[in-house]
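Counting from 1, the numbers follow the sequence of the chain as shown.
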Amino acid sequence: MNTTRALLTGTLVWIFGVTAFTALYELPLMENRYAQANIGLALLVPPLVWFASQIYYRKVKSTHGLKLGLLMLLASATLDALFTVPLLIIPFGGSYTSFFGSLDFWLIAFEFLLVSLIYWYIKVRPEQQQSI
C-alpha cells in the first residue's frame, strides 16, 4: 500500500470536487443553489473517484479498493475540515456540524467508498487472480 499516493489521489478528488461544487453553486439553474451544487457534486464524484483509482492503481496493485476509498475519503474530509468549512460554509451561516452531519455529505462519502470498491472488483482483482 502506498499511503502517500492514496492521500494525493484523494486530494485531487477534493480539488476537483470543491471547484465543481463552487462553480455549480454559482449557476442560476435552480432556486436552491445548495441542493443544485450537491446534486451536481453527487453526479461528478463517481467519475472523479474512478479516475483517481485508475491513477492510484497504475503503480500499486496490492491495495484493496475499500482501503483505498477510505484513505481518499480521509484526505478529502480532512481538507474539507481545514478549508471548505471555514472558507465556504461558515461565512454563509453553516457550521462544522451542519456540514459533516448532513445527509448529503454521507451519501457522497458512501459514493467515494462504493466507486473505489467497484473499480477494484472490476479492474484490479481480475488482474490479481490471473497472476496467481
Side-chain angles (χ1 to χ4, degrees):
M1 158 144 243
N2 188 330
T3 306
T4 303
R5 190 173 179 85
L7 294 174
L8 286 174
T9 56
T11 300
L12 280 175
V13 172
W14 176 80
I15 290 168
F16 287 114
V18 168
T19 303
F21 182 90
T22 305
L24 290 165
Y25 187 86
E26 294 301 321
L27 293 175
L29 301 175
M30 293 172 54
E31 196 169 313
N32 185 342
R33 290 189 177 183
Y34 182 74
Q36 169 184 298
N38 267 321
I39 291 167
L41 183 60
L43 294 173
L44 287 171
V45 162
L48 288 174
V49 172
W50 189 272
F51 181 66
S53 298
Q54 192 175 30
I55 290 170
Y56 177 83
Y57 285 119
R58 282 184 187 158
K59 294 192 177 185
V60 181
K61 300 285 187 188
S62 61
T63 306
H64 193 281
L66 186 58
K67 191 183 252 187
L68 174 63
L70 283 169
L71 280 171
M72 288 194 303
L73 180 59
L74 175 67
S76 187
T78 300
L79 291 167
D80 278 337
L82 293 173
F83 300 104
T84 306
V85 175
L87 298 176
L88 299 176
I89 304 300
I90 292 174
F92 298 99
S95 66
Y96 281 96
T97 305
S98 68
F99 183 82
F100 288 107
S102 167
L103 180 61
D104 302 335
F105 174 83
W106 291 105
L107 289 173
I108 290 170
F110 179 72
E111 272 187 322
F112 236 99
L113 300 175
L114 186 63
V115 171
S116 65
L117 185 61
I118 290 170
Y119 184 91
W120 182 78
Y121 271 110
I122 291 174
K123 298 286 189 174
V124 179
R125 190 169 178 227
E127 289 179 21
Q128 289 175 345
Q129 290 176 338
Q130 286 177 354
S131 64
I132 295 177

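A continuous path of Ile, Leu, Val, Met, Phe, Trp and Tyr side chains, each step under 4.5 Å between heavy atoms, connects L12 with Y119, placing both in one hydrophobic cluster. Linking ILVMFWY side-chain heavy atoms closer than 4.5 Å, directly or via other members, places I15 and F21 in two distinct hydrophobic clusters. Under the 4.5 Å side-chain heavy-atom criterion for ILVMFWY residues, no single connected hydrophobic cluster contains both L79 and I55. Transitive grouping of hydrophobic side chains (ILVMFWY, heavy atoms separated by less than 4.5 Å) brings L82 and L88 into a common cluster. Tracing side-chain contacts under 4.5 Å through hydrophobic residues (I, L, V, M, F, W, Y), one never reaches F83 starting from F99; they form parts of separate clusters.
In this structure, the side chain of Y57 engages the main chain of T63 through a donor-acceptor pair within 3.5 Å. A donor-acceptor pair is defined here as one N or O able to donate and one able to accept, closer than 3.5 Å; such a pair exists between the side chain of Y96 and the backbone of A81. At least one donor-acceptor pair closer than 3.5 Å links the side chain of Q36 to the backbone N or O of L29. Without hydrogens or angle criteria, Y56 side chain to N2 main chain gives a donor-acceptor distance under 3.5 Å.
Annotation for A35 and M30: closest pair CB-CE, 4.4 Å, computed over non-hydrogen atoms. Smallest separation of non-hydrogen atoms from S76 and G10: CB-O, 4.2 Å. Contact detail for S98 and S102: the closest heavy-atom pair is O-CB, 3.2 Å. Residues A20 and L44 share a closest heavy-atom pair of CB-CD1, 3.4 Å. For the residue pair A6 and T9, the shortest heavy atom distance occurs at O-OG1, 2.8 Å.
Side-chain polar atoms of W14 and T78 form no donor-acceptor pair below 3.5 angstrom.
With V13 as the partner, the side chain to side chain contact (heavy atoms under 4.5 Å, CB included) test is satisfied by one option alone out of V49, V18, V115: V49.
For the atom pair CD1 of I89 and OG of S95, the computed distance is 9.5 Å after rounding to the nearest 0.5 Å. For the atom pair R33 CZ and L24 CG, the distance stands at 11.5 Å (nearest 0.5 Å).
Here the side chains of R5 and V60 are in contact, with some heavy-atom distance below 4.5 Å. You'll find the side chain of L7 reaches within 4.5 Å of the side chain of L71, heavy atoms only. Counting heavy atoms from C-beta outward, W120 and L68 have side chains that stay 4.5 Å or more apart. Two residues are said to be in side-chain contact when any heavy atoms from C-beta on lie closer than 4.5 Å; N38 and I108 meet this criterion. Contact check for L41 versus D104: no side-chain heavy atoms found under the 4.5 Å cut-off. S116 is not listed as a side-chain neighbour of K67, based on a closest heavy-atom distance of 4.5 Å or more. Inter-residue side-chain proximity for L117 and H64 is flagged as met; some heavy-atom pair is nearer than 4.5 Å.
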What verdict does the side-chain contact (heavy atoms from CB on, under 4.5 Å) test give for L113 and L70, after you've listed the backbone C-alpha separation in whole Å, the side-chain angles of each residue and the deciding distance to 0.1 Å?
CA-CA 6 Å; L113 300 175; L70 283 169; 3.7 Å; yes

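The environment of CZ in F16 is sparse: at most 12 heavy-atom neighbours from other residues, nucleotides or ligands sit within 6.0 Å.
By the 4.5 Å side-chain criterion applied to Ile, Leu, Val, Met, Phe, Trp and Tyr, L103 is assigned to a cluster that also includes L107.
Ring planes of F105 and F100: perpendicular class, angle over 60° (limits at 30 and 60°).
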